[in-house]
J.: 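Have a look at the structure that comes next, please.
Treat the numbers as computed from the prediction; the structure is a model and nothing was measured.
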Amino acid sequence: MSVLTQRLDEDLAGVVESARRGLVQVRRGREGGGAGTIWHADGLVLTNAHVAGGGPVEVSLSDGRSLSGRLLARSSELDLAALAVDATGLPTI
């Protein structure tokens, strides 16, 4: 393996690990759930509107913490929802 190839592998591994930390699981009780991303370190999470539904959700972070999320905005047309969790210093995507 060349030095350039090895460096590229290391760089890509770093990008993947950074992205992984910014991914979350969003659940609506027993109604199901899906994935989301931490968009801002102060607790802004983006997910699909059909995942967020219209009520409270639970957001599971990659470090194992589960936080209550509240719906800030939702667009069925774009299938996009913004959630807030009470946390700071979160790893963003």
J.: What heavy-atom pair brings Ser66 and Ser60 nearest, and what distance separates the two atoms?
T.: OG-OG, 3.3 Å
J.: Quick one: hydrophobic cluster around Ile38, which other residues, with the 4.5 Å side-chain cut-off, linked directly or via members?
T.: Val24, Val26, Val45, Val51, Val57, Val59, Leu61, Leu67, Leu71, Leu83, Val85, Leu90
J.: Quick check: closest heavy atoms across Ala81 and Ala52, and the distance to 0.1 Å?
T.: CB-CB, 3.6 Å
J.: Can you give me the closest heavy-atom contact between Leu44 and Ala82, atom names plus distance?
T.: CD1-CB, 4.0 Å
J.: Do Ser62 and Arg20 have side chains that approach each other closer than 4.5 Å (heavy atoms only, starting at C-beta)?
T.: yes
J.: Only pairs at least two apart or in different chains count here, so list each side-chain hydrogen bond (donor to acceptor under 3.5 Å, both in side chains) that has a residue in residues 37-48.
T.: Asn48-Asp79
J.: Donor-acceptor pair, Arg74 side chain versus Gly53 backbone, under 3.5 Å?
T.: yes
